[in-house]
Amino acid sequence: MGLRRGFLGVLTVLLLGWTAPAFAAGPFSDWTAIVVAGDWHANSGRPSEAFDNARRDVSQELERIGFQKANLRQFSVRPERYRDVRPGKSSPKAIYEALTEVAPRASGGCLFYLSSHGAPQGVLVDQDLLAPRLLAAILDRTCGQRPTVVVISACFSGVFIPELAQPNRMILTAARPDRTSFGCGESNKYPFFDECFLQSSPGARDFPSLANQILACVSAREKKEGMTPPSEPQVWIGPQLRPMLPLYPFPQGLAPKG
């Protein structure tokens with residue numbers, strides 16, 4: 001009996017020693033993250049930094065939340081302008097290749113964030129239109145059944161929900177399938193939705209809390225600016241993922257960035 005107790009004690013110590021580093025590293029330390037700016041034009045067709053500003057600052061916010069820089073990939077249509085972070089060149093193929101590279105190593109979960117112009121058929125990624133079915137196939141092949149959060153900031157982005165909806169996924173879009181979103185002008189620092197993401201994240205408990213705050217923020221901003229009809233951002237959470245998301249809390253007590 002004494003020998004058996006001794007063995008169990010050693011086994012317990014070994015198991016605790018093995019699990020402690022994962023806990024200490026944070027809930028998102030082994031998640032893959034992809035953040036994409038899909039265009040560089042304002043609604044007018046003139047140059048705009050809005051999408052790349054969102055790409056840059058959303059990536060920084062994800063790192064604050066606990067995503068590891070080594071597991072995060074950024075993409076821009078004009079990557080040569082941003083040599084500080086060296087983003088990849090935005091394309092569906094490059095996104096797929098990055099997920100194929102990083103997801104096997106950071107296998108705890110996946111986050112995909114894209115900011116661009118949208119159409120009822122999909123979202124613009126440079127010269128390509130990323131259709132809902134194609135994005136669904138990319139995520140199926142790379143992220144599989146692991147917890148996955150998809151955020152799409154674009155007009156008509158609600159069209160992605162039917163194709164992407166899986167029990168292990170949360171999908172947050174900037175607009176209904178039949179509505180535009182706002183804030184893509186030449187003078188906008190970010191699209192409205194991305195700005196609300198950045199403003200709301202420091203005070204959110206987790207991704208469902210963040211989604212609720214973004215919805216309220218976008219509605220208030222559109223009313224203030226007199227934008228109609230309202231974009232009505234959409235959120236969908238799969239039944240398998242819903243009870244798990246509170247296990248992935250955001251860090252608390254940090255002030256929002258200025």
Can you tell me how far apart [atom1] ([X]) and [atom2] ([Y]) are? Round to the nearest 0.5 Å.
X	Y	atom1	atom2	answer
Gln60	Phe67	CD	CZ	15.0 Å
Asn71	Glu101	CG	CD	10.0 Å
Ser91	Gln127	OG	CD	11.5 Å
Leu134	Tyr96	CG	OH	10.5 Å
Arg133	Asp140	CZ	CG	11.5 Å
Arg83	Arg86	CZ	CZ	9.0 Å

Using every non-hydrogen atom in the two residues, find where [X] and [Y] come nearest and quote the distance to one decimal.
X	Y	answer
Pro92	Ile138	O-CD1, 4.1 Å
Pro243	Pro246	O-CD, 3.5 Å
Arg179	Ala175	O-CB, 3.4 Å
Gln234	Glu232	NE2-O, 2.8 Å
Ser107	Pro104	CB-O, 4.1 Å
Ala174	Pro233	O-CG, 3.6 Å

Taking [Y]'s backbone N and O only, do any of them form a donor-acceptor pair with [X]'s side chain (distance below 3.5 Å, no angle check)?
X	Y	value
Asn53	Lys189	yes
Ser90	Ala37	yes
Asn188	Ala42	no
Ser116	Leu124	yes
Gln68	Gly66	yes
Gln166	Leu164	no
Ser201	Leu198	no

Are [X] and [Y] side-chain neighbours, meaning at least one heavy-atom pair lies under 4.5 Å?
X	Y	result
Tyr82	Pro87	yes
Ile95	Arg73	no
Cys110	Pro147	no
Leu62	Val35	yes
Leu111	Ile34	no
Tyr190	Phe197	no
Val149	Trp31	yes
Phe160	Val150	no

Kindly check if the number of other-residue, nucleotide or ligand heavy atoms within 6.0 Å of NZ (Lys89) is above 12?
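More than 12 within 6.0 Å, yes.
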Is it possible for you to say whether [X] and [Y] belong to one hydrophobic cluster, with membership spreading through side-chain heavy-atom contacts below 4.5 Å?
X	Y	answer
Leu139	Val159	yes
Ile171	Met244	no
Val123	Trp40	no
Leu130	Phe156	no
Leu241	Tyr113	yes

Where at least one partner belongs to residues 145-164, residue pairs that pass side chain to side chain donor-acceptor pair (under 3.5 Å), sequence neighbours excluded
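Listed once each, the pairs are Ser153-Asp194.
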Write out all pairs satisfying side chain to side chain donor-acceptor pair (under 3.5 Å) with one or both partners inside residues 202-215, taking only residues at least two apart or from two chains.
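Every side chain to side chain donor-acceptor pair (under 3.5 Å) pair that includes a residue of residues 202-215, provided the two are not neighbours, is Ser209-Gln213.
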For Lys223, check side-chain contact (heavy atoms from CB on, under 4.5 Å) against everything at least two apart and list the hits.
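side-chain contact (heavy atoms from CB on, under 4.5 Å) list for Lys223, sorted by chain: Ser219.
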Glu222 meets the side-chain contact (heavy atoms from CB on, under 4.5 Å) criterion, sequence neighbours left out, with Phe182, Phe192, Val218, Met227, Pro230, Ser231
Apply side-chain contact (heavy atoms from CB on, under 4.5 Å) to residues Leu210 and Ser200 and explain how you reach the verdict.
CA-CA 6 Å; Leu210 173 60; Ser200 303; 3.7 Å; yes
Audit row: Leu172, Leu215, side-chain contact (heavy atoms from CB on, under 4.5 Å) steps and yes/no
CA-CA 10 Å; Leu172 177 60; Leu215 267 59; 4.0 Å; yes
Which residues share a ring pair (Phe, Tyr, Trp, His ring centres under 6.0 Å) with Phe51, sequence neighbours left out:
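Residues passing ring pair (Phe, Tyr, Trp, His ring centres under 6.0 Å) with Phe51: His117.
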With a 4.0 Å cut-off on N to O distance, would you call [X] and [Y] a salt bridge?
X	Y	value
Arg56	Asp84	no
Arg55	Glu49	no
Glu195	Arg221	yes

Has Arg169 got its NZ or CZ under 6.0 Å from the middle of the six-membered ring of Phe112, at an angle within 45 degrees of the ring axis?
no
Under a plain distance cut-off of 3.5 Å, with no hydrogens placed, do Asp52 and Ser76 share a side-chain donor-acceptor pair?
yes
For Glu186, all residues meeting side-chain hydrogen bond (donor to acceptor under 3.5 Å, both in side chains), sequence neighbours excluded:
Ser44, Arg46
